[in-house]
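For reference, the structure is listed below as structure tokens.
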Amino acid sequence: VSGMKRIWKLTGEAAKKAACQEILAAPDGHVVTLAEPTRNLEQSAKFHAMCGDIARQKPFAGQMRKPEQWKVLLVSGHAVATKQGSEMVPGLEGEWCNLRESTASMGVKRMSSLIEYVIAYCAENGIMLSAQSGD
């Protein structure tokens, strides 16, 4: 079907067979992508709650920061800690920008790693996590 996008969640043999049948029936030129599932809503909610907990309790570079700012700091720190590195580039107006990975495109395992990193950071810095953070 032209213009239609199909996403298959491979939950067992029947789903795999159905996906294969659709691939075999697809016209030449169509594209198939097989990928690890991205982070789930529970992981996202937990991470954002943690950012809020940290923002309420811990100053950084001499001042309290917003949860969105802590998100940038935590994702950047996690990338360096897990040997993914970071890249600082001059921005469009001469400011410095950290080109960091997107949490929305993280797989479940990568997001779990980020959450574990944040839990360790909080433990090392005396930050209490709320019930919404799951700890």
Side-chain angles (χ1 to χ4, degrees):
V1 178
S2 179
M4 188 171 87
K5 181 177 179 179
R6 298 276 292 157
I7 297 175
W8 291 90
K9 184 172 183 178
L10 304 178
T11 56
E13 286 302 312
K16 290 177 184 179
K17 286 179 183 177
C20 287
Q21 288 175 350
E22 188 151 339
I23 290 167
L24 291 171
D28 289 347
H30 276 62
V31 176
V32 175
T33 301
L34 186 63
E36 178 184 346
T38 56
R39 56 138 172 85
N40 59 47
L41 293 177
E42 182 181 322
Q43 287 177 309
S44 181
K46 181 174 185 163
F47 176 64
H48 286 96
M50 292 172 147
C51 291
D53 290 342
I54 297 168
R56 284 185 290 281
Q57 298 174 55
K58 178 92 172 147
F60 185 82
Q63 61 182 335
M64 298 304 283
R65 301 290 173 178
K66 296 176 183 176
E68 303 83 31
Q69 294 168 320
W70 273 105
K71 178 179 179 178
V72 172
L73 291 165
L74 294 164
V75 171
S76 181
H78 176 252
V80 172
T82 57
K83 309 290 189 249
Q84 298 293 314
S86 66
E87 184 179 5
M88 295 295 294
V89 299
L92 300 176
E93 299 295 331
E95 79 283 9
W96 286 99
C97 296
N98 181 356
L99 300 181
R100 65 171 182 82
E101 67 186 311
S102 165
T103 56
S105 63
M106 284 183 179
V108 172
K109 290 179 188 175
R110 183 76 176 152
M111 192 67 182
S112 292
S113 175
L114 174 59
I115 289 170
E116 289 299 318
Y117 175 82
V118 175
I119 291 170
Y121 177 84
C122 291
E124 291 172 6
N125 288 276
I127 298 166
M128 301 297 296
L129 295 173
S130 66
Q132 291 81 10
S133 297
D135 288 340

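Along the sequence shown, the residues carry numbers beginning at 1.
- In the hydrophobic clustering, Leu24 connects to no other residue, as no ILVMFWY side-chain heavy atoms lie under 4.5 Å from its own.
- Every residue meeting the side chain to side chain contact (heavy atoms under 4.5 Å, CB included) condition with Met88, not counting sequence neighbours, appears here in chain and number order: Trp96, Asn98.
- Considering every non-hydrogen atom in both Cys51 and Pro67, the closest pair reads CB-O, 3.7 Å.
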**Request:** Report the C-alpha distance between Ser44 and Thr103 in whole Å, list the side-chain angles of each, state the deciding distance to 0.1 Å, and finish with yes or no for side-chain contact (heavy atoms from CB on, under 4.5 Å).
**Result:** CA-CA 8 Å; Ser44 181; Thr103 56; over 6 Å; no

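- The hydrophobic cluster around Leu99 extends to Val89, counting ILVMFWY residues whose side-chain heavy atoms fall within less than 4.5 Å of a member.
- A distance of 7.5 Å separates CE of Met50 from CD1 of Ile54, quoted to the nearest 0.5 Å.
- Residue pairs that meet the side-chain hydrogen bond (donor to acceptor under 3.5 Å, both in side chains) test with at least one member in residues 17-26, sequence neighbours left out, are Arg6-Glu22.
- The side-chain hydrogen bond (donor to acceptor under 3.5 Å, both in side chains) contacts involving residues 112-124 comprise Gln43-Ser112, His78-Ser113, where partners must be two or more places apart or lie in separate chains.
- Applying the under-4.5 Å side-chain rule to Ile, Leu, Val, Met, Phe, Trp and Tyr, the cluster around Ile23 extends to Val32.
- Although no hydrogens or angles enter the test, the distance criterion places no donor-acceptor pair under 3.5 Å between the side chain of Asn125 and the main chain of Ile127.
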**Request:** List the steps, then state whether side-chain contact (heavy atoms from CB on, under 4.5 Å) holds for Val118 with Trp70.
**Result:** CA-CA 10 Å; Val118 175; Trp70 273 105; over 6 Å; no

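- Contacts classified as salt bridge (charged side-chain N to carboxylate O under 4.0 Å, His left out) and involving residues 49-64 (residues at least two apart or in different chains) are given here: Asp53-Arg56.
- Transitive grouping of hydrophobic side chains (ILVMFWY, heavy atoms separated by less than 4.5 Å) brings Phe60 and Phe47 into a common cluster.
- Taking the side chain to side chain contact (heavy atoms under 4.5 Å, CB included) definition, one finds that Gln69 meets it with Arg65, Lys66, sequence neighbours left out.
- Think of Leu34 as one node in a network of Ile, Leu, Val, Met, Phe, Trp and Tyr side chains linked at under 4.5 Å; its network also takes in Trp8, Leu10.
- When each of Met106, Arg39, Lys71 is tested with Leu114 by the rule side chain to side chain contact (heavy atoms under 4.5 Å, CB included), just one qualifies, namely Met106.
- Counting only residues at least two apart or on different chains, the salt bridge (charged side-chain N to carboxylate O under 4.0 Å, His left out) pairs with a member in residues 80-109 are Glu101-Arg110.
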